[in-house]
Amino acid sequence: MPAAKDIKITKITKSKINDLDWNNLPFGKYFTDYMLEADYANGEWVSVAIKPYQPLTLDPALTALHYGQSIFEGIKAYNNVDGETYIFRPHENLIRFNKSADRMCMPEVPEWLFIDGMRQLIELEKQWIPNKENHALYVRPFMFSTDALLGVRPSLTYKFMILLSPTGPYFAAPMKIFVEEKYTRAAPGGVGFSKNAGNYGGSLRAATEAQKMGYDQVLWTDAHEHKWLQEVGMMNVFFLIDNKAITPSLEEGTILKGVTRDSVITVLNDLGISVEERPINIDELVQAYESGRLQEVFGTGTAATIALIQELFYNGKQMLFDVQQCEIANKVKNILNEVRYGLLPDTHNWLVKV
Ligand SMILES: *Cc1c(COP(=O)(O)O)cnc(C)c1O
């Protein structure tokens, strides 16, 4: 079996790092000097290389472009207070990546390529990790089909890549959310649980219409009744009602199994706050709001960690939340940050050293 130490590195001639404005790092806009690239053919991953970040040359009949065999992951790496570099729970992302791959009839990516490749790439690019609050090095592994063919069938060849992007906070401001009752993100039996590119293309119309009305994102509802709450934009969603946290359950396969979602559930349990993973519908939420029991609403995801929600708009009515009072969401966010920066012990073994 190949090992990460065998990955060939082609050196850059000159680093772009001095061009970077460290005070202005929008999410996913700037990339580091190197990228990892590997090709899949005849049942194995070959030509694994770390090379200067550069454009790809692709056949215009590439099946990924026409039929969408394309998946990705999002992970963050941090420097802790002692200047050591850690990746947050990347093995969870590897598991999910391979579930996405399976659903899309794509090959598995082995640990030596995904994890060790990522570590080697980050090791080479350590100087790009921002040492600022709410900043990180965003890691983007992805895979797409590379057969050049207009027939619809699983491709026989694929490319796997990892990019690194020094990044600031994703949603800095508390969000205003439109409860979506027309468009659908995912249905049972579909691909909602996989992080495949098409899910995001399919969500743009709803998000764009919500933005025209002054909202940041939508709160997705189920495909049948448009009542059962799913996710908020590209984040999992939590509701705090009567000091209990509720988050939609995963069984139907319409929701992404967020790594942050899982970490938040664990931290809430550590704090002695009970968490219910169950179906929750909009009527229950409105009732809880009207009786003053709906305390906090927040989204969770790698990009933002926790994004506070200041407004939910449903059926012509606003539900407003004072984000200054969102004690639990802020507490969980701080705990996760402190674990990442080495200010709290990593009791759940979430950090992987580069
Ligand atoms: C990536 C993603 C999430 C968040 O998952 P994390 O592992 O926490 O980053 C939630 N929902 C959707 C649709 C996503 O694509």
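Here the structure is a predicted model, which is why all the values come from computation and not from measurement. We count ligands from 1, going down the list as the structure has it; atoms in each ligand are counted the same way.
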Problem - Note, Phe321 side chain near Leu308 side chain (heavy atom, < 4.5 Å) - result: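 Not in contact.
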Problem - Side-chain touch Glu284/Leu229, heavy atoms, less than 4.5 angstrom - result: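 Heavy-atom side-chain distance check fails, nothing below 4.5 Å.
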Practice task
Quick one, list the residues around ligand 1 where some non-hydrogen atom comes in under 4.0 Å, by chain and residue number.
Solution key: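 Those residues closer than 4.0 Å to ligand 1 by some heavy atom are Arg96, Arg185, Lys195, Tyr200, Glu231, Met234, Met235, Asn236, Leu256, Gly258, Val259, Thr260, Gly301, Thr302.
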Handout entry: Co-membership, hydrophobic cluster, residues Trp350 and Leu271, 4.5 Å side-chain
Key = yes
Handout entry: Of Arg119, Glu125, Met118, the residue whose pairing with Ile122 passes side chain to side chain contact (heavy atoms under 4.5 Å, CB included)
Key =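 One option only clears the test, and that one is Met118.
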Exercise for the section: Report yes or no: is the cationic atom of Lys16 (NZ for Lys, CZ for Arg) closer than 6.0 Å to the six-membered ring centre of Tyr53, at no more than 45° off its axis? Expected result: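 Cation-pi check for Lys16 and Tyr53: passes.
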Practice task
Verify, without hydrogens or angle tests, whether Asn236 (side chain) and Leu256 (backbone) share a donor-acceptor contact under 3.5 angstrom.
Solution key: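 Pair found, side chain donor or acceptor close to backbone of Leu256.
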